[in-house]
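If you read the sequence from its start, that first residue is 1, and numbering goes on from there.
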Amino acid sequence: MKNGAKLKQNLKPSRTEMNIIANAILKNTFSKKGIFYCEVCRTDRVMFANCTQLMGLTFSHRKKCRHYRTVEELSDFNEVVLSCLQAHIITERNPALTKKVFKDLRG
């Protein structure tokens with residue numbers, strides 16, 4: 001081992017590594033499905049007047065990320081919606097709204 005670096009073979013990836021891998025998988029999945037817009041603001045049920053889509057989109061999970069233990073769970077399409085930052089913040093702080101958004105969009 002060079003400079004005391006640890007070998008990471010056969011070790012569980014760190015939370016950061018899991019997030020990086022899951023984000024790459026999700027980008028590919030959403031791209032293949034043609035979803036390049038804020039899914040939350042695009043629905044008739046929840047409409048935010050000032051969708052911040054132009055400022056960037058983010059993945060919004062059904063539950064807090066700490067509840068997911070594997071890359072597969074983090075990158076499950078049914079557990080994630082693509083949203084603008086404003087929609088992400090509002091839905092994250094309102095569990096009832098989060099439940100409604102995911103029911104409407106993912107079943």
Side-chain angles (χ1 to χ4, degrees):
M1 287 186 274
K2 192 173 184 180
N3 296 330
K6 296 180 182 179
L7 292 176
K8 286 195 167 190
Q9 295 174 345
N10 299 322
L11 294 179
K12 181 180 174 186
S14 70
R15 176 62 66 182
T16 300
E17 291 167 332
M18 285 177 31
N19 287 336
I20 291 169
I21 296 166
N23 278 342
I25 293 169
L26 288 168
K27 285 178 186 177
N28 188 34
T29 301
F30 278 79
S31 178
K32 284 181 180 178
K33 291 182 180 288
I35 301 172
F36 301 101
Y37 51 85
C38 175
E39 293 183 277
V40 178
C41 291
R42 277 270 182 107
T43 66
D44 294 333
R45 296 143 195 90
V46 181
M47 182 59 78
F48 301 116
N50 299 316
C51 179
T52 57
Q53 182 168 334
L54 296 176
M55 293 175 58
L57 298 170
T58 184
F59 296 116
S60 300
H61 286 82
R62 189 182 300 254
K63 300 179 278 189
K64 297 281 188 189
C65 286
R66 67 177 173 264
H67 293 286
Y68 301 101
R69 301 286 182 222
T70 66
V71 171
E72 291 76 19
E73 291 174 349
L74 270 172
S75 60
D76 181 356
F77 179 75
N78 292 318
E79 293 291 313
V80 181
V81 295
L82 192 60
S83 67
C84 67
L85 184 58
Q86 180 179 356
H88 185 127
I89 292 168
I90 291 171
T91 56
E92 184 177 60
R93 293 180 180 171
N94 185 335
L97 183 57
T98 299
K99 188 174 182 177
K100 180 177 175 34
V101 165
F102 275 92
K103 183 179 179 191
D104 292 346
L105 294 172
R106 299 291 184 262

(message) The criterion is side-chain contact (heavy atoms from CB on, under 4.5 Å); which residues satisfy it with Glu73, sequence neighbours excluded?
(response) Tyr68, Arg69, Thr70
(message) My understanding is that only residues two or more places apart in sequence, or in another chain, count here; which of them pass side-chain contact (heavy atoms from CB on, under 4.5 Å) with Thr98?
(response) Thr91, Phe102
(message) When you group the ILVMFWY residues by side-chain heavy-atom contacts below 4.5 Å and let the links chain together, are Ile25 and Phe77 in the same group?
(response) no
(message) Given Leu82, which partner from the list Thr58, Leu57, Leu105 fulfils the side chain to side chain contact (heavy atoms under 4.5 Å, CB included) test?
(response) Leu57
(request) Return yes if some donor-acceptor pair links the side-chain N/O of Arg106 with the main-chain N/O of Glu79 below 3.5 Å, else return no. (result) no
(message) Under the rule for side-chain contact (heavy atoms from CB on, under 4.5 Å), what residues qualify as partners of Ser31, not counting sequence neighbours?
(response) Phe36
(request) Measure the spacing between CD1 of Ile89 and OG of Ser83 and express it to the nearest 0.5 Å. (result) 9.0 Å
(message) Which residues pass the side-chain contact (heavy atoms from CB on, under 4.5 Å) test with Ile20, not counting sequence neighbours?
(response) Thr16
(request) Only counting residues at least two apart or in another chain, list the ones meeting salt bridge (charged side-chain N to carboxylate O under 4.0 Å, His left out) with Lys64. (result) Glu92
(request) Find the distance between NZ (Lys103) and CZ (Arg62) and round it off to the nearest 0.5 Å. (result) 11.5 Å
(request) List the atom of Ser75, the atom of Leu26, and the distance in Å for their closest heavy-atom pair. (result) O-CD2, 3.5 Å
(request) State plainly whether one hydrophobic cluster holds both Ile35 and Val80, where clusters connect Ile, Leu, Val, Met, Phe, Trp and Tyr through side-chain heavy atoms under 4.5 angstrom apart. (result) yes
(request) Could you tell me the separation between the SG atom of Cys41 and the CD atom of Gln86, rounded to the nearest 0.5 Å? (result) 6.5 Å
(message) With heavy-atom distances below 4.5 Å as the criterion, would you say the side chains of Leu74 and His61 are in contact?
(response) yes
(message) What's the separation between atom CZ in Phe30 and atom NZ in Lys32, rounded to the nearest 0.5 Å?
(response) 13.5 Å
(request) List in chain and number order the residues that pass salt bridge (charged side-chain N to carboxylate O under 4.0 Å, His left out) with Arg15, two or more places apart in sequence or in another chain; answer none if no residue qualifies. (result) none
(request) Look up atom CD1 in Ile21 and atom CD in Glu72, then write down how far apart they are to the nearest 0.5 Å. (result) 9.0 Å
